[in-house]
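Since the structure comes first, as structure tokens, the remarks are kept for the end.
Chain naming here is simple, since letters A, B, ... match the order of the sequence lines and numbering starts at 1 in each.
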Amino acid sequence: MSLRIVVCVKYVPDATGDRHFAEDLTVDRDDVDGLLSELDEYAVEQALQIKEAADDDAEITVLTVGPEDAKDALRKALSMGADKAVHVEDDDLHGTDVMGTSLVLAKAVEETGYDLVIAGMASTDGVMGVLPAILAERLGVPQVTLLSEVSVAGGVVKGRRDGDSASEQLEASLPAVVSVTDQSGEARYPSFKGIMAAKKKPVKSLDLDDLDIDAETVGLEGAWTKVESASERPARTAGTIVKDEGEGGKQLAAYLAEQKFI
Amino acid sequence: MAEVLVYVDHVDGAVRKPTLELLTLARRIGEPVAVALGAGAEATAATLAEHGAVKVLTADAPEFADYLVVPKVDALQAAHAAVSPAAVLVPSSAEGKEIAARLAVRIESGIITDAIDLEAGAEGPVATQSVFAAAFTTKSRISKGTPVITVKPNSAPVEAAPAAGAVEALSVSFSAQATGTKVTSRTPRESTGRPELTEAAIVVSGGRGVNGAENFAIIEALADSLGAAVGASRAAVDAGWYPHSNQVGQTGKSVSPQLYIASGISGAIQHRAGMQTSKTIVAVNKDAEAPIFDLVDYGVVGDLFEVVPQLTEEVKTRKG
Ligand SMILES: Cc1cc2nc3c(=O)[nH]c(=O)nc-3n(C[C@H](O)[C@H](O)[C@H](O)COP(=O)(O)OP(=O)(O)OC[C@H]3O[C@@H](n4cnc5c(N)ncnc54)[C@H](O)[C@@H]3O)c2cc1C
Ligand SMILES: Nc1ncnc2c1ncn2[C@@H]1O[C@H](COP(=O)(O)O)[C@@H](O)[C@H]1O
């Protein structure tokens with residue numbers, strides 16, 4: 001039997017751009033260029049490596065929930081080597097929070113069929129880092145998350161999780177949800193051949209009806225959290241900058257003493 | 001008064017500082033009821049009582065150490081059912097966030113992660129978050145269920161507020177999912193004797209400019225003279241000069257100390273994301289154009305190999 005891998009990837013505003021909030025306090029996705037969240041490239045990379053190491057054949061589907069432009073993220077993942085893509089797109093999804101997004105992803109993963117779901121450690125815009133755990137909860141399968149090393153063999157996924165106080169070796173039977181960190185290994189660049197091939201790979205579009213999801217459970221209205229205000233952090237007042245002429249360390253010490261740090 | 005559940009982060013009964021900060025925040029919205037799990041759970045009670053816990057619910061079972069996350073979710077859910085709290089507060093560690101998120105799904109509640117402040121509001125607690133690499137500050141609340149909120153370290157002062165802290169055994173029945181992910185081995189991180197990075201009042205960080213693992217001794221010497229934790233940029237970590245557990249930034253630790261000293265760090269957006277909320281920021285960099293200087297309260301344009309050792313000596317002299 002072939003191994004069915006679904007990789008969850010997010011299309012995010014470029015972190016080096018000037019990110020803002022729209023009037024309804026959702027992330028403004030119009031003014032800043034979007035891209036495949038860099039942290040999800042690691043998930044695609046691990047999926048490719050697991051496929052390459054698999055005894056039987058494996059198939060990688062990349063999945064995103066996002067606006068029209070999110071197709072760019074799928075194309076990038078396909079050009080890295082994923083086999084096919086699923087795009088969940090629906091106007092009613094605007095403003096969906098993590099609870100709604102995870103609901104949609106869970107349904108789409110089930111609809112696609114899976115043995116292994118791989119996600120990134122966090123999205124570079126929301127940075128919650130909780131979606132993979134929620135997805136495992138919703139799917140009722142083991143969560144093997146925040147791995148800096150991962151391998152799959154004989155229907156078992158193993159990995160190393162470097163936690164705050166210890167490094168742990170984890171093990172679970174498939175099906176399972178995995179997330180990988182940026183320590184898991186550099187993601188490959190798409191080759192020219194890969195980019196050309198990606199153009200012909202299938203991208204399936206699904207909307208909420210296809211997934212049998214009630215529009216009221218998602219979107220800004222269906223969100224279980226409410227952002228009441230967003231304000232730009234006041235620019236830090238310009239500090240004192242000195243050039244080291246041989247006394248820089250001493251000058252710095254004097255400043256720290258004045259601020260009562262010494 | 002309404003009760004507020006506080007999830008306790010402890011190591012064999014030694015309560016970590018972020019949990020005590022949570023007790024301070026919990027007292028703003030109700031009476032803190034602590035939930036301590038695993039080996040040493042009961043030993044946490046005295047410290048928790050001293051900082052305002054009216055009750056300490058404890059449970060210990062091998063499952064908490066042998067399996068990932070889910071057994072703790074089962075226990076927190078049992079506590080939620082027993083107490084019907086006004087909110088559930090959890091420290092914003094990687095594990096804490098996962099526990100909180102799964103609990104939120106189960107009790108059909110909204111979740112806010114990485115709050116940096118919390119106050120009572122007419123429609124439930126209002127959480128402050130710092131987003132987009134700390135370029136924006138948002139205030140949010142939860143509109144469904146019991147608010148589940150994870151809070152970053154250094155978000156509130158630790159305050160003494162003696163309360164009863166009566167220990168009560170929490171009865172937990174584990175779910176079918178509890179044993180899904182086995183922890184087959186655990187290697188504790190070696191202690192450096194320095195303060196915990198996320199909890200430290202002062203953090204001294206080095207970047208690519210430090211130029212080699214052996215040169216990190218210069219950064220460590222400054223840190224030790226100030227009683228500080230040591231941080232590193234991703235460039236320094238990727239080069240293998242310092243452990244990933246010390247990385248500051250988007251994919252490392254997020255720190256918010258009283259004082260952050262960056263040496264040989266350019267100040268890329270992903271690095272700023274993890275340190276921009278520090279109270280006072282100081283940098284040493286030989287490039288006057290480095291973006292880190294946009295953030296600093298005090299900056300020295302110069303060679304860190306000259307400036308940092310001189311600073312360390314001067315700190316030692318001044319401290320006597
Ligand atoms: C998805 C993603 C996540 C990331 N996450 C993180 C993260 O968590 N943390 C993080 O730090 N980065 C992160 N990065 C990387 C980030 O973009 C930068 O590449 C990184 O922060 C650069 O580290 P640096 O400042 O040490 O190195 P550089 O940018 O190379 O800067 C080195 C600085 O040292 C100065 N210097 C050199 N020699 C000396 C000397 N002798 N004396 C004084 N100054 C000197 C130079 O002038 C320069 O400004 C991430 C990137 C991506 C894409
Ligand atoms: N809209 C989305 N579509 C697909 N995958 C997502 C989406 N949002 C989050 N993810 C996945 O969940 C991970 C963690 O996201 P988060 O919890 O939002 O930080 C990301 O790295 C992605 O793999």
Side-chain angles (χ1 to χ4, degrees), chain A residues 15-16 19 21 39 97-99 102 121 124 127-130 133-134 137-138 140-146 162-172 181-183 223-233 236 239-244 248-253 255-257 259 261-262, chain B residues 11 68-69 93-95 97-98 101-102 105 109-113 126 132-145 177 180-189 202 244-245 250-251 259 269-270 280 282 293 295-302 306-308 310-311 314-315 318-319:
Chain A
T16 55
R19 294 179 292 182
F21 283 92
L39 294 173
D97 69 358
V98 66
M99 288 300 169
S102 60
M121 64 187 287
T124 56
V127 221
M128 294 182 79
V130 296
I134 296 180
E137 175 72 34
R138 290 200 186 278
V141 302
Q143 98 169 55
V144 199
T145 47
L146 299 172
D162 295 320
D164 284 341
S165 56
S167 173
E168 297 166 333
Q169 292 290 342
L170 305 179
E171 196 177 302
T181 72
D182 62 338
Q183 296 294 298
W224 295 356
T225 42
K226 188 165 177 4
V227 181
E228 303 209 305
S229 69
S231 51
E232 202 156 357
R233 195 183 164 83
R236 293 186 82 104
T240 311
I241 309 236
V242 298
K243 196 170 172 341
D244 178 36
K250 288 190 178 150
Q251 284 167 285
L252 189 44
Y255 171 78
L256 295 182
Q259 299 295 315
F261 288 115
I262 313 178
Chain B
V11 181
L68 191 71
V69 173
S93 61
E95 184 186 49
K97 287 203 280 189
E98 293 187 329
R102 294 188 70 136
V105 179
S109 295
I111 179 169
I112 291 172
T113 55
V126 177
F132 293 164
F136 280 80
T137 304
T138 59
K139 286 191 188 293
S140 310
R141 64 180 176 80
I142 281 153
S143 50
K144 184 166 187 299
Q177 305 303 326
T181 307
K182 190 161 180 41
V183 179
T184 53
S185 76
R186 179 177 284 117
T187 317
R189 201 171 291 299
I202 304 181
H244 179 250
S245 50
Q250 187 186 31
T251 54
L259 172 64
I269 184 91
Q270 295 89 353
T280 298
V282 165
F293 285 126
L295 299 182
V296 300
D297 296 286
Y298 197 90
V300 178
V301 179
E306 306 289 335
V307 178
V308 173
Q310 188 180 69
L311 171 60
E314 189 66 17
V315 172
R318 283 177 184 255
K319 282 196 166 177

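- Contacts of B/I142 with chain A are made by both backbone and side-chain atoms, with heavy-atom separations under 4.5 Å.
- Heavy-atom minimum distance, B/A101 versus A/V130: CB-CB, 3.6 Å.
- Listed options A/V144, A/L146, A/T181, A/I134 were ranked by heavy-atom pairs under 4.5 angstrom with chain B; first place goes to A/I134.
- Looking at A/S102, there are no atoms closer than 4.5 Å to chain B (heavy atoms on both sides), in backbone or side chain.
- The candidate with the highest count of non-hydrogen atom pairs below 4.5 Å against chain A, out of B/Q270, B/K182, B/R102, is B/R102.
- Neither the backbone nor the side chain of B/S245 comes within contact range of chain A; no heavy atom of the residue lies under 4.5 Å from a heavy atom of that chain.
- When the candidates A/E232, A/Q251, A/K250, A/Q143 are compared by the number of heavy-atom contacts under 4.5 Å with chain B, A/Q143 comes out ahead.
- Interface check for chain A: of the options B/D297, B/T113, B/I202, the most heavy-atom pairs under 4.5 Å are formed by B/D297.
- Only the side chain of A/Q183 comes within less than 4.5 Å of a heavy atom of chain B; its backbone N, CA, C and O stay farther away.
- Counting heavy-atom pairs closer than 4.5 Å to chain B, the top-ranked of the candidates A/P142, A/A230, A/A223, A/S167 is A/S167.
- Of the listed residues B/R318, B/R141, B/E314, the one with more heavy-atom pairs under 4.5 angstrom with chain A than any other is B/R141.
- Comparing A/V242, A/I241, A/V227 by how many heavy-atom pairs each has under 4.5 Å with chain B, the most go to A/V242.
- Side-chain atoms of B/T184 come within 3.5 Å of backbone atoms of A/Q169 as a donor-acceptor pair (strictly under, hydrogens ignored).
- When heavy atoms are compared at a cutoff of 4.5 Å, B/V126 approaches chain A solely by way of its side chain, counted from C-beta outward.
- Between atom OG1 of residue A/T145 and atom CD of residue B/E98 there is a gap of 3.5 Å, rounded to the nearest 0.5 Å.
- Between the CE atom in A/M99 and the NZ atom in B/K144 there is a gap of 9.5 Å [rounded to 0.5 Å].
- Under the ring pair (Phe, Tyr, Trp, His ring centres under 6.0 Å) criterion, A/F21 pairs with B/F132, B/F136, sequence neighbours left out.
- Atoms OG1 and CG, from B/T251 and A/D182 in turn, are 3.5 Å apart once rounded to the nearest 0.5 Å.
- For chain A, the nearby part of B/L68 is the side chain; its heavy atoms alone come within less than 4.5 Å.
- Under a 3.5 Å cut-off, the side chain of B/R189 and the backbone N or O of A/G163 do form a donor-acceptor pair.
- Side-chain contact between A/L256 and B/Y298 is absent, with no heavy atoms from C-beta onward closer than 4.5 Å.
- Heavy atoms closer than 4.5 Å to chain B are found in the side chain of A/V98, but not in its backbone.
- When each of B/V315, B/V308, B/L259, B/V282 is scored by its heavy-atom pairs under 4.5 Å with chain A, the top score falls to B/L259.
- The distance from atom CE of A/M128 to atom CD1 of B/I112, rounded to the nearest 0.5 Å, is 8.5 Å.
- Side-chain atoms of A/L170 and B/V183, non-hydrogen and from C-beta on, do get closer than 4.5 Å to each other.
- The greatest number of non-hydrogen atom pairs below 4.5 Å with chain B, out of A/A253, A/G248, A/S229, is found for A/S229.
- Both the backbone and the side chain of B/V300 come within less than 4.5 Å of a heavy atom in chain A.
- The minimum heavy-atom distance linking A/A172 with B/G180 is given by the pair CB-O, 3.4 Å.
- Proximity to chain A involves both the backbone and the side chain of B/E95, based on heavy atoms less than 4.5 angstrom apart.
- Contact count versus chain A (heavy atoms, under 4.5 Å) is highest, among B/I269, B/T181, B/V307, B/T138, for B/T181.
- In this structure a side-chain-to-backbone donor-acceptor pair under 3.5 Å is present from B/Q177 to A/G140.
- Interface remark: B/V296 contributes backbone and side-chain atoms alike to the contact with chain A (heavy atom separation under 4.5 Å).
- If you take OG on B/S143 and CG on A/D97, they are separated by 7.5 Å, rounding to the nearest 0.5 Å.
- For the pair B/I111 and A/W224, the minimum side-chain heavy-atom distance is 4.5 Å or more.
- In this structure, a donor-acceptor pair under 3.5 Å is absent between the side chains of B/T280 and A/Q259.
- To the nearest 0.5 Å, atom CZ of residue B/R186 and atom CD of residue A/E168 are 4.5 Å apart.
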